[in-house]
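Structure first, commentary second.
Throughout, a chain's letter reflects where its sequence line sits, starting with A, and its residues are numbered from 1. Quick caveat: nothing in here was measured; it's all calculated off a predicted structure. These numbers come from the heavy atoms of this one structure, side chains and all, not from hydrogens, waters or symmetry mates.
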Amino acid sequence: MPDPALLSRIQFAFTISYHIIFPTITIGLSLYLALMEGLWLKTRRQVYLQQARFWQKPFAITFGMGVVSGVVLSYEFGTNFSRFSEIVGPVLSPLLTYEVLTAFFLEAGFLGIMLFGWKKVSPRVHFIATCVVCVGTMISAFWILAANSWMHTPAGYEIVDGVFHPTDWWAVIFNPSFPYRLTHMLLASFLSASLLFAGVNAIYLLRKQHTEFAKSGFSIAMWAILVLAPLQILAGDMHGLNVHEHQPVKVAAMEAVWETEQGAGFRLFALPNQKEAKNDFEIVIPKAASLILTHDINGEIAGLDQVAPENRPPVAVVFFSFRIMLALGGLMLLLGVLGLWARRKGRLFDHRLLLNFSRLMIPAGVIATLAGWYVVEVGRQPWLVQGLVRTVDVASPLPASQVLSTLILFVAVYSLLFGVYLYFMRKLIRQGPADITGAAQDEKLPATLNPAH
Amino acid sequence: MDIALIYLLLIAIGVLMYVLLDGFSLGVGILSPWLSKAEDRAIAMKSLSHLWDSNQTWLVFGGVVLFAGFPKAYATVLSQLYLPIILMLIALIFRGVAFEFYFKSHTSRGWWDFSFSFGSTLATLSQGIILGSLVQGFSLTPQPSEQIAWFTPFSLMTAIALVCGYALLGSCWLVRKSSGRLQVSARRLGILSLFAVMFFLALVSVWMLLAQPQVFQRWLTWPTGLLLAPVPLLSAYVGLRLWQMLRSGEGNDLKPLGLAMALFGLAFIGLAAGMFPYIIPGQLTIWEAIAPERSTSFTLVGIVLFLPLVIAYNIYNYRVFSGKTTSQDGY
């Protein structure tokens, strides 16, 4: 029977990876919903209402998946990492409580009105509900990332009898890596939603369906990608500098630098060999890593040799995840630029290469986010709280058979549900927006809009 | 009042809110297979679609407040009750996604129907086992073994009792939200579950009095016994009134739900009175388990500021969707 601590880690990694997919989409998508509804209220152009009504359905199922998989996580700290909950609980649990109080309840309380209240409340109140849901998702990200960042760059605590006691809440929440992490994650969500938005509208343009609808959505999303992609690269770069300062071992793993180097090259590709502490094969751009990370061509990049082998993260996972994220980020930038070029040529809506590219990029944001999380979380191993708490020491003393059976259950249930989720997303997208004729000029919605399914 | 008591009270509020609010929504799922027509099942589910999520949030609230107030108890309870907790979470997943997919599907409705009732029932059974184990108590320093300590005759009984209890809440909710045929079946199912609930309330009370000296002492000795005496008497009265209302259809449609909730509240007081001041029975009192003061005071500020707000907009949510649910509602 395998080690229960390892099984708990696999289970946590699996359940959290699954969960993160959905908030990544809904944080950004809720912003689009609010934007579309706001534009409709302002201009009364039906196409915006159509967008809001249409995107609400994919949003609802994605949000639902996020809720059910998120509830699991809030209990897994206790079930699988009881020792961790006990010693770090006094610092982290208040942050999670604030998340529930200021975000979770807020989203859940107004989601009902947002989804089912079209005929029950005025358009203005409905718009407020949509905005509240949107703000709720961001507040949620705020607290979760504060807790997560603290595990990377702990601050504002003291250790009394092996238990972490908070000493300064401001320092705990606004710990050194928090602002970078939050910005990076929020931008990732906006980008992921923009890519979904652009891609689906591109599908309609390619199929010459719902053309007016698709044009408005595609244009807005392409502007968003053009702005967000470079911003995200900038935010990522600043985050990288912060990691370099606080978690140099992680950076060494990201770059597969085994020995400390001046003017380190950027490894375009490498095959890291953890056992012999070297790369079996590598393609290097000279000096580039130092330039990126220290903004100095001869800057020093500390290698993995600065810590003992047992304190190094699994380098290959971190290295490849990082490259996947970078490559996808580059493609997003390319998409944004290509969109601008097509727009200037007046061919934004009929450039087949651009439309097909958009369509292919639908999952890129989510994949890049997942890859980014692997860089961040695997890169911190073997620590759960950087330099202070080892992951293996804080797992619950559970029988391996129990963890194994629940792990199998999670994999089975989640795989099934993910299939179902994709099936319904595809179905909703194929169905397309409901047709709206000029009947909807008054404040109340026309009956023809309800029910839309 | 000291901070440990405040936190115990907060957890009690969280758990009670959860049991009352998600209780009726789980109850509707438990009852769903007994509703004769697919249309009735659809309306029953629809009556919950705008609120199951916010009601379920109380479960997370109870969890995090336990974590924030008593981290050691949180860690012990959750790891000790590993399987029933994970099973409950997975069951809640089945139930939660059923709400999302049911109304978007045409060919697979039967599956989502099943997912809804199966998930609701399994979640309730798990919660009943968790409840029974908590009341019974367990070792603070367990050895990792293959043995499952939570699987006892008592916890099995509390599991079945809770299924009946939620079914009662669920049927009273349906009495409120429906009319005609569906309401007639809801009343009938309500009466059946009420009988089961009263039977189990008596059984659990006697069992606990006999099995746990602490409970015996508190209930049957002077002066606490006198203070607690109104609880069983009131329960009997509330049960009787509820039966009369469900049978005759007198009173408005909302009253039975209120009475069913009152019955739950009384049972909750009864349980809590027997367990106080332990957070883990016989092992860990609330004062031994309380988190450092800097944590508890920081969290308390948030709770005092935001909890009233949360309750206010949840009430608003209910008001927006007040009245009977019809098959036209939806989005």
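Interface remark: A:Tyr75 contributes backbone and side-chain atoms alike to the contact with chain B (heavy atom separation under 4.5 Å). Interface residue A:Leu111: only side-chain heavy atoms are found under 4.5 Å from chain B. If you measure heavy-atom distances from A:Val413 to chain B, the contacts under 4.5 Å come from the side chain alone. Contact annotation for B:Trp111: neither backbone nor side-chain heavy atoms come within less than 4.5 Å of a heavy atom of chain A. Of the atoms belonging to B:Ser105, heavy atoms from both backbone and side chain fall under 4.5 Å from chain A. Both the backbone and the side chain of B:Ile303 come within less than 4.5 Å of a heavy atom in chain A. Of the atoms belonging to B:Phe99, not a single heavy atom falls under 4.5 Å from chain A. For a residue to count as touching a neighbouring chain, one of its non-hydrogen atoms must lie under 4.5 Å from one of that chain's; by this rule B:Ile85 touches chain A with the side chain only. In this structure, the portion of A:Phe110 lying under 4.5 Å from any heavy atom of chain B is its side chain and not its backbone. Contacts between B:Leu59 and chain A at a heavy-atom distance below 4.5 Å involve backbone atoms as well as side-chain atoms. Looking at B:Val310, only its side chain comes within 4.5 Å of chain A, counting heavy atoms on both sides. In this structure, chain B has no heavy atom under 4.5 Å from any part of A:Phe84. Within the 4.5 angstrom heavy-atom criterion, only side-chain atoms of B:Tyr316, from C-beta onward, approach chain A. Contact of B:Glu293 with chain A is not made at all, since no heavy-atom distance falls under 4.5 Å. Proximity to chain B is limited to the side chain of A:Val67, based on heavy atoms less than 4.5 angstrom apart.
The backbone N or O of A:Met114 sits nowhere less than 3.5 Å from a side-chain atom of A:Thr130 that would complete a donor-acceptor pair. One N or O on the side chain of B:Ser49 and one on the backbone of B:Lys46 form a donor-acceptor pair closer than 3.5 Å.
Residues A:Tyr421 and A:Thr62 bring a donor and an acceptor atom of their side chains to less than 3.5 Å of each other.
Counted within 6.0 Å of OH on A:Tyr423, heavy atoms from surrounding residues, nucleotides or ligands total 12 or fewer; the atom is thus considered open.
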